[in-house]
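First up is the structure itself, then whatever we jot down about it.
Order of appearance sets the numbers: ligands from 1, and atoms from 1 within every ligand.
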Amino acid sequence: MDPAPEFRLYNTLSNAVEPVVPREAGHLRFYSCGPTVYSYAHIGNFRSFLTADLILRTAEALGWRTTYVTNVTDVGHLTEDDAADASGEDRMAKALRSKEGERFANVWDLARYYTNELLADWNTLNLRDPAVRPRATEHIREQIAAVEQLIEKGHAYETEQGIYFSVASFEGYGRLSGNEAAEQLEQLVRDTVSDPGKRDPRDFALWKKDPKHLMQWYSPWGWGFPGWHIECSVMARAYLGDEIDLHAGGEDLIFPHHECEIAQSESLTGKTFSKHWVHTRFLQVEGEKMAKRTGNFFTVRDLVGTAASGGRGVDPLALRLALISGQYRKPFNFTKETLKASAKHVERFREILSAVDAAAAAGAGGADRVGERLDALYDRALAAMADDLNTPEAIAAVIEGFKLLGGMRAQLNAASAAGARAWIARVNALLGIVEHEKPLAERAADAKDADPDAVRIDALVAERYAARAARDFARADALRAELAELGVEVMDTPDGPKWKRASTL
Ligand code: AMP
Ligand code: ZN
């Protein structure tokens, strides 16, 4: 095998592809911004989460240890936070008042529900779990303490309405986004509802005083709630320390969110917050921005759910493959065609996997030279991933490997089949596109609502199998019909029943 390649990623801070150099050799500690749980995460959000997942998998494939933290924002993300001034309406409160919000008694229930659904989708798309998934609402005390310290150090001040970070007090503000000129920054935040007590229009909120807010906590400044940016500074520090190796998120987070995180964290510690900053370009659907209005807005369940639950029966790993088929830093256009092509690949991977498993059990062929060629293709895939997550090239190498295996499956002997199986496992660990790493039962237990269709289908398939074994064919046929209605096709194989979703793409 080739020596491990150097891991290189584009760094938004330096505008260059640079080696990732963990502070502690061989141990990558990184943070990726998670979603605001006021609704289901969409496939664009998942494109960003998948970038973090691929960073994790590549680092581990290179033999590194990882500590990966990604949060859940379950408070304080206001509709106008994007404009650097926490004003506007709380997304959670707005969601509660919407049609979908009618079934929740309060914002807390709403946040809990969508957090569970996030975990279900996370599992469905075969993303690895972070070491810690902190929730903003569970770290309010640390956020209050951080705001107090920023005031003490002269980086923040109080007005009648809240506490603000003083941008003028931090020299490096604007370095990440390139929005450095004072007029430019003022321009960017000009249209926000401003607090007349603010000293500088660029200053952003750390705490909002609001005794009427739906989610509020008691602080030295009375009842209120934190600004959005402070939560990530605080949670990254709580679990990863003052200095981290890498921080990731979607491209919209460069400014103001990450710019503000740097200002807060570095003002608190006097140290460099994160060495590497990685941002994912936005996903578009059929060449357009995703929008509910234009009917091209997709959540994971819109695509992978069965027809009976309003989904389109797409194989979850086909969706994963489609979402990672473009490099994270290039504009990505998600299309039906990409999804269909990905579904074909994933189906073929599975077919070959079954053939390899069968050969491992009984293979009598004579081929044992396949190993070296597979190893070379794995090395090519890993080198591509280490080269700024070049997924198209890595996927091409994997497809070539499966082609090779498909062509010679009849010639595999038990030993070469076992080698092929190990290759598939390595490929799957790197890209996660062949089989789910967590068994379904575990996925279901993780989030009680995990892929409810799949849990139900599994139960029906097992029941049908039992009915057939008991020669109750009428019952078995009735169950088959029920499964067909759910958009599921059952295949009876020598290894027992298998099922797949009949795609309605
Ligand atoms: P939010 O819930 O809005 O805080 O977003 C969660 C994550 O998804 C952030 O890292 C965003 O930058 C990212 N994100 C939002 N929309 C898209 C998109 N269309 N494509 C890629 N990433 C996105
Ligand atoms: Zn964040």
Side-chain angles (χ1 to χ4, degrees), residues 12 30-55 69-82 84 86 88 90-92 94-95 111 114-115 117-118 121-122 125 127 130 133-136 139 143 176-177 204 226-240 244 246-265 273-274 277-292 294 296-300 322-324 326-334:
T12 308
F30 74 109
Y31 186 95
S32 166
C33 291
T36 309
V37 285
Y38 64 98
S39 181
Y40 298 111
H42 56 64
I43 57 172
N45 299 135
F46 270 98
R47 173 164 155 85
S48 287
F49 307 153
L50 279 161
T51 299
D53 186 60
L54 293 172
I55 292 173
V69 178
T70 182
N71 67 298
V72 166
T73 297
D74 50 359
V75 67
H77 193 163
L78 301 175
T79 46
E80 286 177 36
D81 261 345
D82 296 5
D90 186 307
R91 282 175 208 256
M92 300 278 192
K94 196 171 164 195
Y114 287 117
T115 305
E117 297 301 299
L118 168 79
D121 291 344
W122 195 273
L125 289 186
L127 280 90
R133 194 192 302 274
R135 294 171 195 217
H139 294 81
Q143 295 180 58
L176 181 72
S177 60
F204 58 88
W228 169 36
H229 314 305
I230 192 73
E231 72 175 71
C232 288
S233 282
V234 160
M235 291 187 285
R237 190 180 188 193
Y239 296 102
L240 296 167
I244 69 177
L246 192 153
H247 194 125
E251 62 175 333
D252 61 322
L253 300 189
I254 299 174
F255 187 88
H257 187 51
H258 288 165
E259 197 71 74
C260 296
E261 277 188 46
I262 294 174
Q264 297 161 160
S265 294
F273 177 37
S274 176
W277 288 85
V278 174
H279 294 101
T280 301
R281 273 297 274 278
F282 261 31
L283 167 142
Q284 294 205 321
V285 175
E286 308 286 353
E288 284 177 52
K289 190 170 182 252
M290 261 198 298
K292 290 210 166 114
T294 48
N296 70 348
F297 181 95
F298 297 110
T299 62
V300 171
L323 289 174
I324 66 169
Q327 195 235 14
Y328 77 99
R329 207 154 58 79
K330 301 231 165 79
F332 181 68
N333 188 17
F334 180 84

Task: 4.5 Å side-chain heavy-atom contact, Cys33 and Glu261 - done: yes
With heavy atoms of [X] as the reference, note each atom of ligand 1 found under 4.0 Å away.
{"X": "Leu283", "value": "18 (C), 19 (N), 20 (N), 21 (C)"}
{"X": "Pro35", "value": "2 (O), 6 (C)"}
{"X": "Ser48", "value": "13 (C), 21 (C), 22 (N), 23 (C)"}
{"X": "Gly249", "value": "10 (O)"}

Is [X] close to ligand 1, meaning an N/O of one under 3.5 Å from an N/O of the other?
{"X": "Gly44", "result": "yes"}
{"X": "Arg47", "result": "no"}
{"X": "Thr280", "result": "no"}
{"X": "Thr36", "result": "yes"}
{"X": "Asp252", "result": "yes"}
{"X": "Phe49", "result": "no"}

Open item on the list: We want to know whether Thr36 and Thr73 form a side-chain donor-acceptor pair, criterion being a heavy-atom distance below 3.5 angstrom.
Closed with: no
Do the side chain of [X] and the main chain of [Y] share a donor and acceptor less than 3.5 angstrom apart?
{"X": "Asn71", "Y": "Arg135", "answer": "no"}
{"X": "Glu251", "Y": "His279", "answer": "no"}
{"X": "Asn45", "Y": "His42", "answer": "yes"}

Task: Val278 to Tyr328 - nearest heavy-atom pair and separation - done: CG1-CE1, 3.6 Å
Open item on the list: Could you report the tightest heavy-atom contact between Arg281 and Lys330, atom names first, then the distance?
Closed with: CB-O, 3.6 Å
- [ ] Could you confirm whether His229 has any N/O/S atom lying under 2.8 Å from the Zn ion (ligand 2)?
- [x] no
- [ ] Answer yes or no for His258: is there an N/O/S atom below the 2.8 Å cut-off from the Zn ion (ligand 2)?
- [x]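 For His258, the answer is no, given that no N, O or S atom comes within less than 2.8 Å of the Zn ion (ligand 2).
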Open item on the list: Rounded at 0.5 Å granularity, tell me how far CZ in Phe273 sits from CG in Leu240.
Closed with: 8.5 Å
Task: Lys289 contact mode with ligand 1 (heavy-atom cut-off under 4.0 Å) - done: neither
Open item on the list: Once you measure the plane-to-plane angle for His257 and His229, does it fall in the parallel (<30°), tilted (30-60°) or perpendicular (>60°) bin?
Closed with: tilted
